[in-house]
Amino acid sequence: MSSEKPLPENSPEHSLEHREVTERRETPESLEGTGRREGTAPREVTVRRAPRFVPFMALGAVLGFIAALVVAYTGPVDPTLTRESVLGFFTVAFAIPGLILGAVVVLILDRRSVRRAQRAQARRTYDDDAQ
């Protein structure tokens, strides 16, 4: 994933050379008829590998369901309850905390990926074949 964040005017990274580049941006319309379409100025972007939330949360819920299966079918038999009703109870009791635990794990991994993010230069290109 990448996100764009403009540099503050007074930061040391925002040099005079960077200002000149951003002020001389050419648009695709201004390049019509010149034969050049790759003349756009580079942009500063942040590149990082971010985890997806849904697979981690789904894995936590599935592990909670597996734990519920183990508890429901290996525990002592209760004559007033069926195994399926016990499974339903333990599924809710274990799957929701598993889902929350998966969300916490993915949030921790996401915070780590923000710290490891790198800055890069990106230049817009125009592909005439892709339409």
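Below, all heavy atoms of this structure are taken into account, side chains as well, without hydrogens, waters or symmetry copies.
- At a cut-off of 3.5 Å, with distance as the only test, no side-chain donor of R49 or S113 sits close to an acceptor on the other residue.
- To the nearest 0.5 Å, atoms CZ (F56) and CD1 (I108) are separated by 11.0 Å.
- With rounding to the nearest 0.5 Å, the separation of OG1 in T46 from CZ in R119 is 4.0 Å.
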Test side chain to side chain contact (heavy atoms under 4.5 Å, CB included) on L87 and F65; report intermediate values, then the result. CA-CA 9 Å; L87 175 63; F65 177 72; 4.3 Å; yes
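- Across all non-hydrogen atoms, the minimal contact from F94 to G64 is CB-O, 3.2 Å.
- Between the OG1 atom of T91 and the CD1 atom of I66 there is a distance of 11.0 Å, given to the nearest 0.5 Å.
- Between atom CG of residue L63 and atom CG of residue L99 there is a gap of 11.5 Å, rounded to the nearest 0.5 Å.
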Determine, step by step, whether Q121 and E44 satisfy the side chain to side chain contact (heavy atoms under 4.5 Å, CB included) criterion, reporting the C-alpha distance in whole Å, the side-chain angles of both residues, the deciding distance to 0.1 Å, and the verdict. CA-CA 5 Å; Q121 293 281 329; E44 284 281 324; 2.4 Å; yes
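- There is a path of hydrophobic side-chain contacts, each under 4.5 Å, that joins V86 to V71.
- Residues R48 and D110 meet the side-chain proximity criterion, which asks for heavy atoms closer than 4.5 Å.
- When all heavy atoms of V47 and A120 are compared, the closest pair comes out as CG2-CB, 4.1 Å.
- Atoms CG and CG, on L81 and D78 in that order, are 4.5 Å from each other to the nearest 0.5 Å.
- Under the 4.5 Å side-chain heavy-atom criterion for ILVMFWY residues, a single connected hydrophobic cluster contains both L107 and V105.
- Taking both residues in full, the closest heavy atoms of R83 and P76 are given as NH1-O, 4.5 Å, listed atom of the first, atom of the second, then distance.
- The 12-atom threshold is exceeded at OH of Y73, counting heavy atoms of other residues, nucleotides or ligands nearer than 6.0 Å.
- Of all heavy-atom pairs spanning V106 and R52, the tightest one is CG2-O, 3.6 Å.
- For the atom pair CZ (F53) and CG (L109), the distance works out to 9.5 Å, reported to the nearest 0.5 Å.
- Within a 6.0 Å radius of CD in E84, more than 12 heavy atoms belonging to other residues, nucleotides or ligands are found.
- Between R123 and P42, the shortest heavy-atom contact is NH2-CD, 3.7 Å.
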